[in-house]
Amino acid sequence: MAVLELPDWMALAPALILAGTALVLFLIDSIEPHSTNRTLLSGTAVAGSLSSLAVAVWFTVAGVGATGIENYGVIDIMDGQFVVDQLALYFMIIIAVVTALVTVASYDYLQDHTYQAEYYSLVVLAATGMSMMAASNSLVTIFIALELTSLPSYALVAILKDNRGSVEAGLKYFLIGALSSAIFVYGVSLVYGATGSLQLTRIAAVLESGDGAVAEMGGLLGLGILMLIGGIAFKTASVPFHFWAPEAYEGAPAPISAFLSSASKAAGFVLAFRVFTTAFPLEATTGIIGIDWTLAFAILAIVTMTLGNFAAATQENVKRMLAYSSIGHAGYVLIGLAALSADGGDLVMGAAMMHLLVYGFMNTGAFLFVGLAEYWDVGRTFEDYNGLAERAPFACGAMAVFMFSLAGVPPFSGFWSKYLLYTELINAAADNTALLVLAAALVINSALSLYYYSRLVKALWIEEPLLDRDRLAQPTGLYAAIIAAAVMTIVLLPAFGPVADAALEAAAAVVA
Amino acid sequence: MNDWIAIGALALVGVLIPFGMMAVSYLLRPTVPETSKRATYESGEIPTGGTRIRFNIQYYMVALLFVVFDIETVLLFPWAVAYQDALAADIPLVRALGPMLLFVAILLVGLAWAWRTGAVQWARTPRQLETDRP
Amino acid sequence: MIGGQIAGAATLPSAPPAVPLQDTVLLPERLGELTGLDGFGLGGELLATFIAAFIVGNLMLAMTGVAGPWAKRKITAAFTDRIAVNRLGPAGLFIILADSVRLLSKELVVPENADRPAYDLAPIVVASSALLGFAVIPMGSGIHLADPEVGLAYVFAISGIASLGLVMAGYASSNKYSLLGGLRAVAQNIAYEIPLVITGMSIVIFAGTLQMGEIVSAQAKPLLTVAGISIPSWYALVNPFAFVLFLVANFAEVGRNPFDTPEAPTEIVAGYQTEYSSVYFVLIYLGEFLHIFLGGAIIATIFLGGPAGPGPAALGIVWFIIKIWAVFFATQWLRSAVPRVRIDQLIEIGWKGLLVLSFANLVLTAAIVGLIA
Amino acid sequence: MMIEALIAVALIGALVTFVAPNRIAGKLAFAISLVPAALSLWLFAAFDGSGNALLDGELAFESQAAWLEIGDHSISWFVGLDGISLPLVVLTTILCTLAIVSSWTPIDDRESQFYGLILFIEANLIGVFSALDFFLWFVFWEAVLIPMYLLIGIWGGPRRKYAAIKFFVYTNVASLVMFGSFIALVFGLGDSVTSFALPEIATAMRNGGLDGLFGLGGPALASVVFIGMFLGFAVKVPIVPFHTWLPDAHVEAPTPASVLLAGVLLKMGTYALLRFNFTMFPEQVEAYAIPIAAIAVISVIYGAMLALAQTDLKRIVAYSSVSSMGYVILGLVAYTTFGVGGATFQMVSHGLISGLMFMAVGVIYNATHTRMVTDMSGMADRMPIAVGILIAGAFGYMGLPLMSGFYGEFTIFFGTFGSELLDYSPLFTSLAMFGIVIVAGYLLFALQRTVFGPYRLETDYEVSRAPVHDIASMGVLLGLIILLGVAPALIFDMITDAIEPIIGGGL
Amino acid sequence: MTVDVQYYVLLSMAVFCIGLFGVLTRRNALLFLMSVELMLNAANINLIAFAFYHGNLTGQLFALFTMALAAAEVAVGLGIILVLYRNFRDVDVTVPTTMRW
C-alpha cells in the first residue's frame with residue numbers, strides 16, 4: 001500500500017522530516033558556527049516541526065494506517081520494526097505540535113544564548129526520537145528511539161551550563177535516565193530470553209501459542225515486564241521513577257521543561273500503550289506470569305496521581321508546582337492502561353490519549369508562560385507572580401485558561417478529556433468494580449488540583465504585586481506560542497469530535 | 001578446540017611472562033631506600049605543585065568525539081561483511097549501499113559540525129582569537 | 001581489466017577455493033595430533049592449546065623483545081652513519097642478553113604519591129595486550145593459534161587496550177610529564193584508531209569476512225598476469241590508497257615517528273614512562289615493540305597476503321617475518337628521516353585529514369565494488 | 001438558532017469588550033448587552049412551546065447538532081426553551097444589562113476586563129438555562145464560576161481573596177459531587193439511553209429504566225444519586241448548612257457581581273434542582289420529602305434570624321436571600337402545581353427583587369462609602385429617590401401585594417399547604433410563614449435606622465444624589481416587579497404549563 | 001562443551017546486581033556511570049546468551065545497538081559531569097542541592 005504511490009518507508013515521513021531538520025540545523029551551524037541568527041535557526045526548526053505536523057495530519061486524513069476500504073491500511077516498515085498506524089500518527093501529531101510551540105517560544109527565550117543552533121537541533125532531534133517511538137514496533141527500535149529522545153534531552157536540560165540549577169537538573173535527569181534505561185534494557189533482554197523475539201507482534205504470538213519453553217520462563221518474563229514498566233515510568237515521569245521530574249523541570253530552561261513534560265511524556269505513553277497492548281496480550285500473559293499487569297498500572301496510576309497532586313499542593317515555586325502537577329497528570333493517563341482489564345478499556349485508553357493531546361497544549365502553554373516570566377525576570381515563586389495580570393493581561397489570561405484547563409474546569413478542553421476519561425472509566429467499572437477506586441482517585445485528585453491551580457490564577461489576577469513593575473516586554477515568539485496554545489485549549493472544546501475520533505481509532509489500532 | 005580457549009591460553013601466557021620477568025627481577029635487583037630518590041622527576045628541579053594540573057579541554061572533546069565515532073564504526077562492520085553477499089544476491093545497489101551512505105553522511109555531518117565548532121582544533125590561530133574577542 | 005578481476009574476487013565468499021596457504025588446521029590441533037595429547041580428552045586438548053600459545057607467545061617475544069632493540073640501534077646508526085653495538089658477539093648481537101640482565105637487576109624506584117595498583121598494572125597491560133593480538137594472526141607454516149570469525153575486529157579491539165595501559169601509566173606516576181604523555185598517547189590513539197578501523201573495513205568489503213584466515217586466502221587469487229608471472233591480489237595492490245592510509249594510521253597508532261609525540265623526549269622527557277625503571281620499564285618498552293610488530297603483522301595479513309610468497313607453503317613463516325620486518329624497517333627509517341609533528345598538528349591531521357580520507361576511501365571502495373558487480 | 005445567536009452575541013461582545021480600551025468599555029458593554037436583552041424579549045413574545053422540556057414537551061427555539069460520539073453515549077449541542085427556562089433567560093439578559101449600568105459608577109479599574117467578564121457570564125448563564133444536553137449544560141454551569149471568581153477576586157472588597165476562594169471551592173466541590181452522581185445515573189440507565197440528552201434521560205428515569213450499577217440495586221442507586229445531586233445543588237442554592245460562602249461572597253463582591261450572584265446564580269441551583277432532582281426522581285422526592293422540607297424551613301427561619309443579627313445592609317440582603325431560597329425549596333418539595341409553579345415564579349421574582357435591593361445598597365454605598373446600618377440615618381434626606389426605591393424593594397421582599405414577591409410566596413404557601421406528597425405540610429407551611437414575620441422585622445428595622453430620622457453621617461465629602469443611570473436601572477427593575485405583581489399570569493401560565501407534566505396534574 | 005543458558009542468566013543477574021549496588025551506594029558521578037554501564041553489559045550478556053539459546057541473531061544485533069547507545073550515553077554523561085565539575089568543583093552527586101522539595 002502506498003500513499004500517492006510513495007514507497008512504504010515514506011509513511012515515517014513525520015519523523016524523517018524532523019530528522020532532516022535536525023541535520024539541516026547542524027549543517028547551518030557547521031557553515032556558520034556559533035550563529036546567533038535566531039530567525040534562521042528558530043525558523044528552520046519551526047518549519048520542520050510544522051511540516052512534520054502537516055504531513056502527519058495529512059496522513060491521518062488520507063487514511064494512512066486506518067483500516068477500511070478506502071484507506072491505506074496499517075503500514076509495516078522494515079519487516080515490522082516500525083508500524084505506521086493511527087496510534088503512531090496521532091502521537092506524531094502531538095509531538096509535532098509541542099515541538100512547534102516550543103521552538104516558536106524559544107525564539108525569544110534564547111536571546112543572548114550561546115548555543116542557539118545546538119539547542120534547536122537537539123530539540124528537533126529529541127522530537128525525532130519521540131516521533132520514531134510512536135511508530136516503533138519492536139523492542140529494538142523502541143530502545144533506539146528511547147535513547148534518541150533521552151540523550152538530547154539530557155543535554156538540553158543542562159544547556160545553561162553556567163546556571164547551577166540547570167546543571168544540577170541535567171545531572172539528576174541523566175543519572176536517573178541512565179539507570180532507568182539500563183533497567184529497561186535488562187527488561188528487554190529478559191523478555192527476549194523468554195520469548196526469543198523482540199518484535200512486538202511476534203512476542204505476542206509466542207505468548208499466545210503458550211509454548212512450553214515460554215511457560216517455564218514465566219518468572220523471567222514477569223521480571224522483564226516489571227523492568228519495562230520501570231523504563232516507561234521514567235519516560236512518563238510516573239512513580240517509581242519520577243524523582244527526576246521536579247528537579248529537571250525546575251532547573252531546565254522553561255521551554256525545555258515544556259517540551260519534556262508534554263512531548264516526552266506523550267512519547268513515553270505511546271510506548272506504554274503499544275508495548276503492553278501489542279506485545280503482552282492480557283490473558284495469555286496473565287496465564288504465563290500469573291499476575292495481571294493492569295494491576296501494576298492501576299497501583300502506579302493511583303500512587304502517581306496522588307503523590308503528584310499532594311506534592312504540587314505544597315509548592316511555593318511555580319515551575320516546581322507545574323512539575324509535580326505533570327506527575328499527577330501522568331497518573332491520570334496511566335488509567336488508560338489500568339482499565340484495559342475491563343470491557344470498554346479501549347475507550348478509556350482513547351480518553352487517556354485525548355488527554356495527552358489536550359495536555360500537549362495546556363501544559364506546554366503553562367510552562368511557556370513560566371518561560372515568559374523568566375524572560376521578564378520576575379522571580380519564581382507564587383508571590384513573585386502576584387499581580388502580573390495588570391501588566392500583561394493577555395498572557396495572564398492565557399495562563400488562567402491553562403490552569404483551569406489543567407484542573408479540568410469547563411469550558412476548557414482539559415475538562416473534555418478528563419470528563420471522557422471519567423465517564424469511560426465509570427462505564428468500564430460496570431464490568432470491573434475495582435476500577436471505581438481509580439475513578440474515585442481521579443475525582444479526588446482533580447478536586448485537589450483545583451486548589452493549587454487556582455492559587456496561581458489568584459496570584460496572577462487577584463493579589464497585589466509585591467513591587468511596582470515597569471511595563472513588561474512582549475516578546476513576539478513567546479507570546480505567539482502562548483496565545484496559540486491558549487486558543488487551541490479553548491477551541492479544542494467545540495472541535496473535540498475529530499480529536500476524539502482520532503484518539504479512539506488510535507486506541508482501537510492497538511486494542512483488539 | 002574452541003578458538004577462544006586458544007586465545008585465553010595466550011592471554012594466560014601473556015600475563016605469565018611479565019610476571020615471570022617481574023619475579024626474576026625481584027630476585028636480582030637491589031633495594032636501597034632513599035627519600036630523595038623517590039621524588040617526582042622534573043628535569044632535576046625540585047618538584048612544584050601536584051599532578052592534578054589543568055590540561056587542555058580539547059582532550060575531553062576529542063575523547064567524547066571518539067566515543068561516538070568509534071562505536072559507529074562497529075555498526076559498519078556487519079554491513080561491510082554482508083555487502084558482497086548482498087550484491088551477489090542481486091539486491092539493488094540502492095538498498096545495499098544507500099543506507100551505509102546515509103549513515104556515513106550523518107556521521108560526516110557530525111564531523112563537519114565538530115570541525116566547524118572547533119571541537120577538534122587544538123589551538124586557536126591569532127586571527128580566530130581576534131574575531132572571538134568581543 | 002582490473003575491474004574484471006575484482007569482480008572475480010567478489011564471488012569469493014560463495015565458492016572458497018582450496019588454498020594451500022590457509023591453515024585449515026590450527027596450531028593447537030596440529031600440536032595435539034603431533035604429540036598425541038588429543039588422546040587424553042579435554043585435559044590433553046587444553047594442554048596442547050597452552051603449549052601452542054606458549055610457542056606463539058615466545059616466538060613473538062623473542063623476535064620483538066630481543067631482536068627489535070638491537071635492530072633499532074643498528075638501523076638508526078646506519079642512517080646516521082655510525083656503527084652502533086658491535087662488541088659483544090657477532091655484530092654486537094649479545095648486547096641484548098647483557099641489556100636484559102642489566103635492566104632486570106636495576107633497582108625499582110617508585111615515585112612518591114604514585115597510585116600503586118595502577119602503577120603496577122600498567123606495564124602488564126601494555127605488554128600482554130600486544131601479545132594477545134598475535135593470537136589470531138596466521139603466520140604461515142601452520143603457526144596460527146586461533147581463527148575466530150571476528151578476527152579483524154578482535155585485533156583492533158585488543159590493540160586498543162594498550163592505550164588504557166598507557167594512560168594508567170601516565171596517571172599513576174604522579175608526574176606532570178607522565179600525565180601529559182599519557183593523555184597525548186590516548187588522544188593520539190583515539191584520533192587514529194577510527195581511520196585505522198575504517199580503512200580496515202574497506203578491505204573487509206573485498207574479503208566479505210572478518211576471519212583472518214579467510215582474508216589471507218582471499219588474497220591468494222591472482223590479480224593479473226604480467227608476462228607469465230601471476231601477481232596475487234594482495235589488497236595493497238588492489239587498493240593502494242587504503243594501504244597508504246592504513247600505514248600512516250598505523251604509525252600513529254603505535255606511536256612512532258613522525259607521530260611519537262606521547263614520548264617526545266624534547267618536550268616531555270619520556271612521556272608516560274618517565275617514572276618507570278627496572279623491570280617495569282622493560283615491560284613497557286617491550287610492549288611498545290610488540291605493538292610495532294603487531295601493527296606490522298596486521299598490515300602483512302590484510303594487505304600483503306600474510307604468509308604468502310614464492311616457494312613452498314612451508315616457507316610461510318619466513319615470508320611472514322620478512323613482511324613484518326619490512327614494516328618495522330619502514331618505522332625506523334621514518335624515525336630517522338621525518339621530523340616529529342606537534343601535538344596540535346597530530347590531532348588535526350587525524351581528525352580533519354585521515355578520518356575524512358578514510359571515509360572517502362570507504363565510500364569510494366564500496367561504490368566502485370558495487371558498481372562493478 | 002435564536003439561542004445560539006443570544007449566546008454568540010454575548011460571547012463575541014465579551015471578547016470585543018475585553019480588548020476595547022478601558023474608557024469606553026462600560027458604554028460598549030451596555031450597548032452590546034442590549035442586543036441579547038432585546039432578543040430575549042423577542043423570544044418571550046414569540047414563545048410557542050408547551051409542556052416540559054424534559055418530558056416530551058414542545059420545545060421552543062429547539063436546536064440540535066451532533067457533537068461527539070464516544071462509547072455508548074453521544075453528546076450533542078442541544079438547546080431549547082420551555083416555560084420554566086424562558087423566564088429565567090429573560091431575567092438573565094435584563095439583569096445583566098442593568099448590572100452593567102450599575103457598574104459605571106463603582107468600577108474604575110481594569111474596566112474592559114470587568115465588562116468582558118460580565119458579558120461572558122451572561123453568555124454562560126443563558127447557556128445554563130437553555131442547554132438540554134447534560135454535557136453542554138455542565139460546561140456552561142461550570143463556566144459561570146470562573147468569571148464570577150475573578151469578579152469577586154479582583155474588584156471585590158477588602159476580604160475579596162478569601163471570599164473568592166471560598167466561593168470557588170464550595171461550588172466546585174459541589175459540582176464534582178453532582179457530576180459524579182449524574183454520570184453514575186447515566187451508566188445506571190444502561191442501554192435505555194444512548195446520549196446525554198436530558199429529555200432522554202428524564203424519560204428513561206420516569207419509565208423506571210434504572211438498572212443497578214456497581215452492585216447497587218436500581219432504587220438504591222437512585223437514592224444515592226438523588227442525595228448526591230441534591231447536595232451538589234444545595235451548595236449552589238444555597239441551603240443551610242451549606243450557605244456560609246454566600247454572605248462572604250456577597251459582601252465582598254462589587255455591586256454588579258452581587259446583583260448577578262443573587263439575581264441569577266442562586267437560581268441556577270434551584271433551576272437545576274427542579275430540572276434534575278424533582279423531574280427525574282419523583283419517587284425519591286416522595287421518600288425524602290420530609291427531610292427536604294425540614295431543611296427548607298430551617299433555611300427560611302435560620303436565614304432570617306441571621307439577617308436579623310446583621311448590621312451590614314448587604315449582609316442583611318444576602319442572608320435574606322438564603323431565607324427566600326428556602327421558600328423555593330419548600331415550594332418544590334410540595335410537589336403540587338402551585339407549589340412548584342410558585343417556586344419557579346419566586347425564582348424570577350426574587351431575582352428581580354434581590355437585584356434591586358443590591359443595586360440600591362450599592363448606590364447608597366457609592367455615595368456614603370459605608371453600608372453599616374449603625375453608621376447611617378436619615379438617608380431619605382439626601383437621596384430621596386434611591387431610598388424610595390429601596391423601600392419599595394424591601395416591601396416587595398416582605399411580600400406586599402401587587403408586588404411580585406407576594407404572588408410568589410402566596411402561591412408557594414398555597415401549594416404547600418395542600419400538598420399530598422408532603423406529610424405534615426400545614427405545619428411546615430405555617431413555620432415557613434413565620435419567616436415572613438422575621439423578614440418584615442429585620443427589613444423594617446434596618447430601614448428605620450438608615451432611612452428615617454435626622455441625617456448625621458459625618459463625611460469629608462459631599463453625599464450627593466444618586467446618578468440618573470442608577471436610578472433609571474432601579475426604576476426598570478421596580479417596574480418589572482410591580483408588573484409581575486399585577487399581572488403574574490404573564491409568566492405563571494407558561495410556568496404551570498411546563499410544571500404540570502412533572503407533577504402529573506393536580507392542584 | 002556448552003554451558004546451559006541459566007548460568008548465563010545467573011551471571012548477568014549477578015553483574016546487574018553489582019551494578020545496581022554501585023548505583024545505590026556510590027556518590028561519585030563517574031562511578032555511578034560505570035555502575036550503570038555494568039548494568040547495561042549485564043543485559044548484553046543476557047541478550048547474547050539468549051541469542052545463542054534461541055538460535056537467532058536478534059539478540060546479538062540488539063546487543064550491538066545497546067553498546068552503541070551506551071557509548072553515546074557515556075559521551076553525554078561525561079559532558080554533563082564536566083559541566084557539573086565546572087560549576088560545583090566536585091563530582092559528588094550529593095553536592096548539588098540547589099533545589100530541594
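Proteins come first, then strands; the chains are lettered A, B, ... in the order of their sequence lines, and each starts at number 1.
- Between the Tyr83(B) side chain and the Gly208(C) main chain, no donor and acceptor come within less than 3.5 Å of each other.
- Atom NZ of Lys106(C) and atom CG of Leu28(B) lie 13.5 Å apart (nearest 0.5 Å).
- Annotation: side chain of Trp351(C) is in contact with side chain of Leu65(B) (closest heavy-atom distance under 4.5 Å).
- Residue Met100(B) comes nearest to Ala366(C) through the heavy atom pair CE-CB, 4.5 Å, listed as atom of the first residue, atom of the second, then distance.
- Smallest separation of non-hydrogen atoms from Leu104(C) and Arg29(B): O-CB, 4.0 Å.
- Considering Val13(B), Leu16(B), Leu10(B), Leu12(B) as possible partners of Phe54(C), the one that fulfils the side-chain contact (heavy atoms from CB on, under 4.5 Å) test is Val13(B).
- We find the CD-OG1 distance between Gln84(B) and Thr209(C) to be 11.5 Å, quoted to the nearest 0.5 Å.
- When all heavy atoms are compared, the tightest approach of Ser278(C) to Ser25(B) is OG-OG, 3.4 Å.
- Nearest heavy atoms, Ile7(B) versus Leu132(C): O-CD2, 3.7 Å.
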- Message: Could you go through Val150(C) and Phe77(B), starting from their C-alpha distance and side-chain angles, then the distance that decides it, and tell me whether this counts as side chain to side chain contact (heavy atoms under 4.5 Å, CB included)?
- Response: CA-CA 10 Å; Val150(C) 293; Phe77(B) 266 118; over 6 Å; no

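- Put simply, the side chain of Met21(B) reaches to within 4.5 Å of the side chain of Leu286(C), judged on heavy atoms.
- Note that the OG atom of Ser163(C) and the CZ atom of Phe66(B) stand 7.0 Å from one another [nearest 0.5 Å].
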